[in-house]
Amino acid sequence: MIILLKHILFLITAAVACLLIPAGLSAQEAGKAVAILPFHLNAPPDKEYLTEGIRDMLGSRLRTEVGARIIGRGEVQSAMQASGGQAVAANMSAIAEKVGADYLIYGTITALGGGISIDASVFSADSQQAEEVRNFYTSAITSDQVMGAIDTLSWDIIENLFGKKRPASLLPAAPQAPVQGEKSSFTTAHPDKTFMSSGGGFALRGGRNFVKTRNFNMDLRGFDIGDVDGDGRAEIIVADKSEVKVFKRDGTRLNLLGAIKMLVRYPVHAVNAADLNGNGRAEIYISAADATGPGSRAVEWDGTAFVDLFSEARWYVRPMEVPGTGLVLAGQAAGQLAVMPGIFSLTNDNGKLRKQERLPVPDGVNLFNFVFADLDGDGRHEIVAVDDSFKLRVIQNGTTTWKSEERFGGTKRFIGGEPAMETGKNPMKNDLVDAVGERFKEFFIPSRILVSDVDRDGVDDIILNRNPDTITTVAPRMIQYPNGTLVGLKWNGIGLEEMWRTRKIDGYVINYQVKSLAMSSEDITDDELFIGLMLNTGSYNPFSSDQATVVIYPFDFELSESN
């Protein structure tokens with residue numbers, strides 16, 4: 001009932017705002033023509049009211065402040081249908097011409113946690129340049145801040161397009177913290193518990209929330225961050241099946257540094273950044289494969305473009321920390337099985353990968369589902385792995401000593417599987433198909449298992465995505481991941497125990513990474529948790545495309561008052 005009343009109040013306020021038009025603008029028909037397209041909703045259906053409310057408020061503010069002529073929704077809808085139905089950049093010229101608009105405004109609304117974010121784009125019909133689409137972004141941490149966020153977005157557009165400055169009373173305020181008593185983005189499994197260890201007691205400070213970048217129109221397959229250009233700041237790396245893009249980060253704004261086109265034959269299933277050659281710039285290692293085997297690649301930024309270190313390598317690849325050795329490029333091969341037993345360190349010999357020592361891991365562990373971690377601080381490293389059922393295991397001396405009840409790290413990414421048939425070939429004569437099925441077993445690639453001492457107590461913690469309790473492993477290709485929760489686990493002597501978690505994240509969690517901003521020139525000292533996420537849509541739309549984003553949580557631990 002309370003939620004319904006909030007929705008009604010929002011719509012009434014938006015409607016009243018539309019009526020508050022100064023009489024002095026009676027000649028507003030002479031102003032610029034603006035068409036506001038329907039905003040795409042990445043949120044549960046109960047947020048549907050936001051789509052119309054945002055259009056009302058944007059239109060009202062533009063009409064009132066700059067005398068814009070807002071084109072009717074029926075006319076806009078007809079033009080969109082005639083142009084393919086999609087509110088994407090490629091269709092903007094046709095829609096603008098159809099309705100006679102100087103500007104088109106379109107975008108997405110994303111609900112994450114207890115707040116929303118709005119990504120808006122403005123297309124200028126009279127511009128033929130690459131910058132003809134200008135992007136704007138705003139967010140609200142709580143429902144009470146939504147109208148203020150929309151007003152801020154309206155003024156951002158007015159100032160950028162029309163050059164009119166907002167009143168001093170409407171200048172953007174500093175981000176607001178959640179009100180007293182409201183849930184933080186982080187919660188603890190036991191609110192009365194703090195981290196108690198030999199390094200001191202730490203607790204995760206509440207009252208801070210996530211931010212997000214703009215949305216990407218892509219089927220996100222890989223994600224990482226790393227200092228690719230050597231300037232001391234981490235770039236954001238995202239990948240779909242056939243392209244890897246690298247963005248420089250300016251707060252939540254992303255600017256493209258460069259892109260790596262992959263062979264369509266080898267879909268990407270993992271991307272990682274690491275400075276293995278020690279030159280101060282992180283290389284990008286792209287693990288890619290078709291059903292018959294890997295065709296991986298590594299690139300490095302040379303100051304102006306990405307250059308290959310190796311390509312079409314017949315190894316699945318991943319940089320990782322190995323106890324007693326340090327950071328190495330690890331690899332696993334295909335053969336009679338899509339993934340053959342044995343994980344090896346690799347060296348790059350003039351673009352050719354050569355096998356070195358075999359890593360000390362059991363045969364049942366593959367390249368992408370494990371890490372080494374010193375969970376109890378005794379100087380000896382255990383193996384933490386996600387098994388085929390997405391259950392978490394701790395392996396000591398080759399024996400599983402603990403297994404979780406919950407499922408972690410589940411994704412729809414896999415390698416292996418049956419290869420596509422050649423056109424015109426009789427399937428009964430396909431010598432690539434066997435009756436046993438082991439040869440073409442699908443190996444699902446979980447999200448990362450992160451090892452990080454985020455509470456700074458000197459003992460390794462584990463960070464990973466916990467899947468919803470309803471997830472099973474029946475028909476894993478068909479599994480939908482409507483949400484996830486990032487959790488921090490610590491060894492309590494007999495098992496891994498949850499010590500903190502983020503609030504539920506609406507969307508399909510692809511991957512994540514933790515990095516320190518200590519080298520950043522910004523006035524930020526806290527670590528941050530970056531999450532690559534595929535967004536859920538609140539209603540079925542056959543014209544909608546896949547959308548991904550990066551969500552950023554600040555880590556902020558403090559000493560417990562009892563210490």
Side-chain angles (χ1 to χ4, degrees), residues 186-205 320-327 343 359-362 364-410 446-467 469 484-502 509 511-516 527 529 553 555-560 562-563:
F186 282 102
T187 59
T188 57
H190 309 287
D192 57 339
K193 179 182 290 187
T194 58
F195 291 111
M196 302 301 295
S197 65
S198 59
F202 284 85
L204 190 61
R205 192 195 308 266
M320 65 180 303
E321 287 283 346
V322 176
T325 302
L327 188 63
I343 301 172
L359 302 189
V361 297
V365 171
N366 70 55
L367 181 64
F368 299 103
N369 70 359
F370 84 100
V371 292
F372 295 103
D374 182 5
L375 298 176
D376 52 11
D378 65 355
R380 293 177 295 181
H381 287 74
E382 291 75 39
I383 291 173
V384 181
V386 173
D387 64 19
D388 291 342
S389 299
F390 299 121
K391 299 292 186 73
L392 195 61
R393 296 174 180 264
V394 174
I395 302 171
Q396 297 173 314
N397 300 319
T399 301
T400 297
T401 58
W402 178 83
K403 179 180 177 180
S404 69
E405 294 293 330
E406 303 85 1
R407 290 184 167 87
F408 296 90
S447 301
R448 281 191 181 88
I449 307 170
L450 292 177
V451 180
S452 182
D453 183 17
V454 294
D455 60 354
R456 302 177 180 90
D457 68 348
V459 178
D460 287 341
D461 307 318
I462 299 297
I463 302 172
L464 76 171
N465 177 39
R466 177 176 172 178
N467 298 128
D469 293 335
T485 304
L486 270 290
V487 298
L489 307 177
K490 182 175 287 291
W491 187 255
N492 64 11
I494 57 175
L496 286 170
E497 179 182 13
E498 180 182 316
M499 300 301 289
W500 58 260
R501 72 170 77 98
T502 65
V509 175
N511 236 323
Y512 32 84
Q513 188 59 272
V514 172
K515 291 291 184 182
S516 171
D527 293 341
L529 174 62
Y553 285 89
F555 269 127
D556 189 7
F557 283 87
E558 63 184 357
L559 280 169
S560 169
S562 61
N563 287 281

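For the numbers below, each heavy atom of this structure counts, side chains included, while hydrogens, waters and symmetry mates do not. On a predicted model such as this, the values are computed, not experimentally measured, just so you know.
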What's the separation between atom [atom1] in [X] and atom [atom2] in [Y], rounded to the nearest 0.5 Å?
| X | Y | atom1 | atom2 | result |
| --- | --- | --- | --- | --- |
| Gln513 | Ser447 | CD | OG | 12.0 Å |
| Thr400 | Ile395 | OG1 | CD1 | 4.5 Å |
| Lys490 | Met499 | NZ | CE | 7.0 Å |
| Arg380 | Gln396 | CZ | CD | 8.5 Å |
| Leu464 | Leu450 | CG | CG | 8.0 Å |

Q: May I ask you to check whether Phe372 and Phe370 place their ring centres under 6.0 Å from each other?
A: yes
Which heavy atom of [X] sits nearest to which heavy atom of [Y], and what is that distance?
| X | Y | value |
| --- | --- | --- |
| Lys403 | Asp387 | CE-OD2, 3.7 Å |
| His381 | Pro323 | CG-CG, 3.5 Å |
| Pro362 | Gly398 | CG-CA, 4.5 Å |
| Asn467 | Gly409 | OD1-N, 3.5 Å |

Q.
For Val384 and Leu489: C-alpha separation, side-chain torsions, deciding distance, then whether side-chain contact (heavy atoms from CB on, under 4.5 Å) applies.
A. CA-CA 11 Å; Val384 181; Leu489 307 177; over 6 Å; no
Should [X] and [Y] count as side-chain neighbours, where that means a heavy-atom distance under 4.5 Å?
| X | Y | value |
| --- | --- | --- |
| Asp374 | Val459 | no |
| Leu359 | Met320 | yes |
| Val394 | Leu375 | yes |
| Trp402 | Leu496 | yes |
| Ile463 | Val514 | yes |

Has [X] got a side-chain atom pairing as donor or acceptor with [Y]'s backbone, closer than 3.5 angstrom?
| X | Y | answer |
| --- | --- | --- |
| Asp460 | Val451 | no |
| Asp461 | Asp453 | no |
| Thr502 | Thr485 | no |
| Tyr512 | Arg448 | yes |
| Ser389 | Lys391 | no |

Q.
Using the side chain to side chain contact (heavy atoms under 4.5 Å, CB included) definition, which of the options Asn397, Val361, Val371 pairs with Ile383?
A. Val361
Q.
If we check side chain to side chain contact (heavy atoms under 4.5 Å, CB included) with Phe408, which of these qualifies: Asn465, Val487, Ile462?
A. Val487
Q.
Is it the case that atom CG in Asp378 sees more than 12 heavy atoms from other parts of the structure closer than 6.0 Å?
A. yes
